[in-house]
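These numbers come from the heavy atoms of this one structure, side chains and all, not from hydrogens, waters or symmetry mates. Predicted model only: the values in this text are computed from it and were never measured. Residue numbers begin at 1 in each chain, while the letters A, B, ... track the order of the sequences.
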Protein chains: 2
Amino acid sequence: MNILIIGGLGFIGKNLTNKLLEYGHKIFIFDTKKPNNSHKNINYFIGDFENIENYKNIFNDVDIVYHLISTTTPNYNKLTIEYDIRTNLISTIKLLNICVEKGIKKIIFTSSGGSVYGEGNKKHKEKDLTKPFYPYAINKLAIENYLSCFYKFENLDYTILRIANPYGANHVSKKQGIINVFLDKIKNQENIEIWGDGSIERDYIHIDDVVNALILSIQPTEEKIFNISSGKSTSINKLINIIQSITNTKSNITYLPKREFDIQKNVLNNSLAKKYLKWEPKISLKEGIKLLYEEIK
Amino acid sequence: MNILIIGGLGFIGKNLTNKLLEYGHKIFIFDTKKPNNSHKNINYFIGDFENIENYKNIFNDVDIVYHLISTTTPNYNKLTIEYDIRTNLISTIKLLNICVEKGIKKIIFTSSGGSVYGEGNKKHKEKDLTKPFYPYAINKLAIENYLSCFYKFENLDYTILRIANPYGANHVSKKQGIINVFLDKIKNQENIEIWGDGSIERDYIHIDDVVNALILSIQPTEEKIFNISSGKSTSINKLINIIQSITNTKSNITYLPKREFDIQKNVLNNSLAKKYLKWEPKISLKEGIKLLYEEIK
């Protein structure tokens with residue numbers, strides 16, 4: 001198949017691309033920066049997501065579009081609220097219009113399992129109340145709703161994956177992704193810094209499991225929104241114990257003041273993806289960290 | 001108090017203004033068109049909502065802001081999707097930034113009880129899943145979420161009223177508001193046209209009850225989102241029976257094909273507003289229609 005990955009050079013995009021190439025698909029990548037190492041079997045298109053309309057011709061022979069791009073992160077910055085709407089939400093509307101015009105079979109969108117649900121002690125299900133408060137997550141949710149709108153009125157098929165906290169190889173950001181950040185610090189023998197007392201719990205999912213879910217989403221799906229998660233919660237303190245035991249190190253840990261708006265616990269129920277995507281997470285947290293540490297070393 | 005009503009010349013705005021004047025408040029109105037009859041005790045400011053930043057000085061002495069304006073309606077029009085985001089969502093972000101800058105005590109927003117919840121046979125509660133598919137409703141929900149964002153990070157207090165199907169005096173649109181449209185048709189001895197078989201059920205709420213809820217929202221509220229509704233569902237056929245009995249007429253009714261995307265039933269649970277706003281609907285559907293028919297005649 002011909003597959004276009006919007007945001008193909010990010011963390012998820014790189015891992016997805018590698019796997020799709022193994023399967024023999026023809027890959028087109030649209031992203032904002034040139035690749036460090038370009039691959040001869042990939043067609044790259046470099047531009048701003050806002051100008052996606054100038055790249056309509058890329059879509060001519062494309063079957064499936066992955067929408068992985070985001071111009072912002074889950075933080076609050078008063079100065080980028082409008083920018084976030086313009087560059088993520090409005091650009092996505094332009095993208096959806098192109099997909100309709102070019103007869104794209106399906107669009108697959110990565111939403112944020114970590115930030116659309118808000119606070120809550122139980123495992124979030126896809127049909128639970130959403131309560132985003134970061135602009136990043138508000139726009140993720142608005143895009144989800146526009147996907148449902150374009151499906152109803154324009155017949156554009158879609159699947160949404162609400163991904164928990166992904167970690168693994170090819171991580172791009174030096175700030176996001178706590179497991180990758182901690183392993184980098186350990187490698188460089190730097191202090192580990194934690195906001196709060198380390199009791200915050202998150203749901204970590206290995207990137208290979210995320211990639212499998214993204215590939216399984218190519219098929220038509222009865223349900224449209226799936227949590228992609230381990231379904232297990234791990235506190236930061238427990239995570240550090242696991243990492244120290246695997247890496248056989250003992251890092252200095254600095255506990256910084258708790259950040260007011262960090263959610264205490266975020267865990268996602270993944271039974272819908274198991275049932276309808278025939279997906280399940282295969283890599284345990286310990287295995288995943290081992291794999292990643294081997295690569296980083 | 002000094003009260004600014006954004007969209008003060010619309011259906012809800014006109015009724016709200018009249019009541020606030022009775023209570024002796026000082027009223028500022030921002031809207032896109034000049035009033036037909038201007039009131040000497042009101043300060044009018046006419047402009048596009050997109051340019052609200054040019055009207056910052058209006059906010060200098062304002063205590064409370066009502067955000068009632070919408071540049072679009074709950075319909076699907078492919079050509080206005082981006083326009084809707086720019087003129088409603090981004091303009092609201094500009095408005096919220098001004099409110100923060102000018103130290104506004106509270107902003108009160110009219111959301112759409114009829115279109116944020118989507119399909120469902122039971123009475124929707126405020127904490128139920130939202131499932132908007134019209135761009136109008138997707139943006140109403142995004143604005144709701146941005147209000148929660150500005151409350152968390154900028155300390156701007158707010159209340160959201162998700163209003164069911166309001167009807168009553170001073171209706172502006174000739175197309176929206178089925179009760180007003182039907183009574184106009186009866187007055188002009190025109191045919192009544194219905195999409196579908198008339199079995200569709202809605203929750204009709206008199207505008208005076210809506211206005212009371214808007215005024216009760218000036219106080220600080222423990223909860224932030226309230227359904228404003230009668231809590232009762234009425235089919236279109238039953239509605240026509242009531243109207244014909246009150247007006248003592250027998251109209252010709254034309255049944256048009258069902259519209260694919262009309263929700264079959266929309267009724268809202270109003271117990272949260274009863275508990276926290278100390279509000280309750282006081283005007284029954286029969287009384288409300290009688291009142292309106294007297295005025296229209």
- Message: Are there over 12 heavy-atom neighbours, none belonging to A:Lys232, within less than 6.0 Å of that residue's NZ?
- Response: no
- Any chance CD of B:Glu222 has more than 12 other-residue heavy atoms, nucleotides or ligands included, within less than 6.0 Å? no
- Query: If you count the non-hydrogen atoms of other residues, nucleotides and ligands that lie under 6.0 Å from CG in B:Asp61, is the total more than 12?
  - Reply: no
- Message: Would you say that more than 12 heavy atoms from the other residues, nucleotides or ligands in this model lie under 6.0 Å from the NZ of B:Lys131, or not?
- Response: no
- Note on the structure: Output for pair (B:Leu129 CG, A:Asp128 CG), nearest 0.5 Å, gives 8.5 Å
- Task: Would you please indicate if the ring centroids of B:Phe153 and A:Phe261 are separated by under 6.0 Å?
- Result: yes
- Message: Can you confirm whether B:Asn155 is buried at CG, in the sense that more than 12 heavy atoms of other residues, nucleotides or ligands lie under 6.0 Å from that atom?
- Response: no
- Is there side-chain contact between A:Leu89 and B:Leu89, with at least one heavy-atom pair below 4.5 Å? yes
- Applying a strict 4.5 Å limit to non-hydrogen atoms, the region of B:Asn145 in contact with chain A is both
- Heavy-atom distances under 4.5 Å only: say whether B:Tyr151 touches chain A with side chain, backbone, both or neither. neither
- Pick from B:Ala137, B:Pro132, B:Ser148 with the largest number of heavy-atom pairs that fall under 4.5 Å of chain A: B:Pro132
- Message: If you compare all heavy atoms of A:Phe133 against all heavy atoms of B:Cys149, which two are closest, and at what distance to 0.1 Å?
- Response: O-CB, 3.1 Å
- Message: Looking at B:Asn77, I want to see if its CG is surrounded by more than 12 non-hydrogen atoms of other residues, nucleotides or ligands under 6.0 Å.
- Response: yes
- With a 4.5 angstrom heavy-atom cut-off, which part of A:Glu154 approaches chain B: side chain, backbone, both or neither? side chain
- Which residue out of A:Leu147, A:Ile93, A:Val100, A:Asn139 racks up the most heavy-atom pairs below 4.5 Å with chain B? A:Ile93
- Message: Shorter than 4.5 Å, heavy atoms on both sides: which option in A:Lys152, A:Arg86, A:Lys78, A:Lys94 has the most such pairs with chain B?
- Response: A:Lys152
- Query: Around atom NZ of B:Lys125, are there more than 12 heavy atoms of other residues, nucleotides or ligands at under 6.0 Å?
  - Reply: no
- Taking the side chain as every heavy atom from C-beta outward, state whether B:Ile90 and A:Ile90 have any pair of such atoms under 4.5 Å apart. yes
- Message: Rounded at 0.5 Å granularity, tell me how far OG1 in B:Thr130 sits from CG in A:Leu141.
- Response: 6.5 Å
